[in-house]
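These numbers come from a predicted model, not from an experiment.
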Amino acid sequence: MIEILNILLQIFIFLIIFSFPFTERSLNNTLKLKNIKLELIDSHVINIIIFSYLCLIVSFLDIDLKLFFKIYFSITLLFVLLNIKFFYDRIKKNDFIKFVFFFLVILSIFIYIAQNLKLEWDGHVWISKAIIFLNNEQITNLNNTLHADYPHLGSYLWAFFWSNSLLEFEYFGRFFFVYLYVLSTFLIFKLLNVNNDFIKIFLILFFILLTFEPYYFGGYQEYLIFSSLIIASRYIYIYNLTGSKNIKLIFLALIILYISCWFKNEGKIYFVIFSGALIYFANINHYKKILLTLLIISLLLIQYFLQKYLINFSGSSDVNYIMNFLQNFKDINLLFTKLFKILLNMIIVFIKHPLWIIIFLAILAQIFFIKKINQNVKYFLTCLFLNLIVITGIYMGMKDIDFILRVTLDRVLFQTSGFYLILILSIINFKMINQK
Amino acid sequence: MMKRMKAKEIKYIGIIVIIILIIFKFFNTPYNFYSILNWNYEKRMEQNYGFCKNESWGFYNHVIKKFDLSGQEINTINDEGHVTLENLFDIKKSKDNKSNYLILTNYQSENNNDIFNSQYEFLKNYKILYRKNNCYLLKSND
């Protein structure tokens, strides 16, 4: 019973800790969007992103996890107590049913993890980084882990909530991954133009049914990227919808996309593709586009220098990778064999993760039935095209791809699948508007 | 009017119950809840990782407690190819085969082969401290 009570307590800790610093009102006042009013769940998600960045900064300062938690939790608790009436009224008035189901889904997955608490293969790599933070060791000790070049933010968050749970069981740290996943799912369905809450909840459950992979909760970082891309897609969609030149929204989307660079190395590729395409499609002048491009390059350089000089990470074998990639063109047979294998494995993955099948069906419906591709859809289709091309290119540059394809491609493709959920939602929205 | 209100309420409650049942069924919540109430953390870890099978969490836990190995540098081998679990315990994985202790789990043998006639030549420098089925805790002869 103590474990169950602690699981419940953990949900309340998440609810409290991520209610600061933005409330719904202060977020709307900050962003000043014309046509759309952001809601409580938006402020909650933005607070998680801010908290993640704060954790990133603190991770370099070697500050004691428990001390950091005590300070942050005290501030957030005070903030929530001062605004308790606002939060209570807001949930009671508009979102009570959705909040209850959000709570139930979170609780059910937490209990699922508590029962199936086994770490899977890569989980043991990521936990070795988490243990360094758990023991309050110096960040340079990350160099002693198996894959020193892997970013550490996911492991830091894992260690943070592990260390600050009352029972200090490892799996409490992984609850953060679940919380972000479920929250991002409820967030993205805010874009759905359906008035009936129950239909929305059924659709959310259907999406969770399609994307819930317990194996990836076994210490993998896939859900962190998956969720952060879903969150980013909401604000990118809102940006295009408003048709305004509100650069704050682009900045917000870039900041959310950038956090994925600190979860996994693939995050850098997604950051470049999705933010590059966003700047290209954005309704802003060339001067601002150049500034934002420079921002992207600077952010990538900041990460490189932080890892090189604060963690003393010595670098990866990029030169070998490029040599391998170029060798493909010397042997045309090898080139086509690799390409065939990659495409075949991609098809297998699309079947394994049925969300991809629905995404492709939505694209076909968009092209053949709706026949009208707006700026939003164009952006997401471009990202999808570039994403698949770059993934193919990356695997082309690897040696002995059979094994690597078998064990990694499903995860690589899964991480980005949530980003294209918008394509499905826009089809449903189109149908709803036409029915009205 | 009252009748219609009641019918609407019943419909709402019906939908809510159906959604709750879907959630509970999909995540196996009632069983997981029961399991957490019935078995403590250590027992569930053993159920998930095995005592002397798969990753053999139970064996690690047992010998680390029994021989007070916390904080020690220990070499770990899982002969069946499963991941080793040094990260889940307060032990340091040895980077060579010269550590004081060795945990060998799921040893794969044929006929009467024992661990000292195995592919691991360096085991000759160790003696068996504790054995349970195919899992061994060995100590260096030095």
Would you indicate whether the side-chain heavy atoms of A:E3 and B:R44 approach each other to under 4.5 Å?
yes

Side-chain heavy atoms of B:V83 within contact of A:L119, under 4.5 Å
no

For the residue pair B:W57 and A:K118, establish whether any side-chain heavy-atom pair is separated by less than 4.5 Å.
no

Tell me whether the count of non-hydrogen atoms from other residues, nucleotides or ligands lying under 6.0 Å of CZ in A:F206 goes above 12.
no

Quick one: pull up OH in B:Y12 and CG in A:D197 and give me the separation to the nearest 0.5 Å.
8.5 Å

Evaluate the side-chain proximity of B:L85 to A:H124: yes if any heavy-atom separation is below 4.5 Å, no if none is.
yes

Min side-chain heavy-atom separation B:F26-A:L209 under 4.5 Å:
yes

Distance col, row A:Q115:CD vs B:T29:OG1, nearest 0.5 angstrom, shows 11.5 Å

Under 4.5 Å from any heavy atom of chain A - which part of B:E55
side chain

Check the surroundings of atom NZ in A:K200: do more than 12 heavy atoms from other residues, nucleotides or ligands lie under 6.0 Å from it?
yes

Where do B:F27 and A:L104 land on the side-chain contact (heavy atoms from CB on, under 4.5 Å) test, with the steps shown first?
CA-CA 11 Å; B:F27 295 111; A:L104 267 182; over 6 Å; no

I need the residue from B:I22, B:I20, B:L37, B:N48 with the largest number of non-hydrogen atom pairs under 4.5 Å to chain A.
B:N48

Atom NZ of residue position B:K139 - does it have more than 12 heavy atoms of other residues, nucleotides or ligands inside 6.0 Å?
yes

Which heavy atom of B:G81 sits nearest a heavy atom of A:W121, and at what distance?
O-CZ2, 3.4 Å

In terms of heavy-atom contacts, does CD1 of A:I2 have more than 12 from other residues, nucleotides or ligands at under 6.0 Å?
no

Can you check whether B:I15 reaches A:F202 side chain to side chain, under 4.5 Å on heavy atoms?
yes

Please rank A:I4, A:V105, A:I127, A:I131 by heavy-atom pairs under 4.5 Å with chain B and give me the top one.
A:I4

For A:I201, which atoms come within 4.5 Å of any heavy atom of chain B: side chain, backbone, both, or neither?
side chain

Evaluate whether atom NZ of B:K11 has more than 12 neighbouring non-hydrogen atoms of other residues, nucleotides or ligands under 6.0 angstrom away.
no

For B:K43, does the NZ atom have more than 12 heavy-atom neighbours from other residues, nucleotides or ligands under 6.0 Å away?
no

Shortest non-hydrogen separation from A:F198 to B:I16 and the atoms involved:
CE2-CG1, 3.7 Å

Between the CG atom in B:N32 and the CD1 atom in A:I109, the distance rounded to the nearest 0.5 Å is 11.5 Å

Reported CZ-to-CD1 distance for the pair A:F101 and B:I23, which is rounded to 0.5 angstrom
6.0 Å

By a 4.5 Å heavy-atom criterion (distance strictly below it), what part of B:Y41 contacts chain A: side chain, backbone, both, or neither?
both

Does atom CG of A:D400 have more than 12 heavy-atom neighbours, drawn from other residues, nucleotides or ligands, at distances under 6.0 Å?
no

Counting only non-hydrogen atoms closer than 4.5 Å, does A:N135 touch chain B with its backbone (N, CA, C, O), its side chain (CB onward), both, or neither?
neither

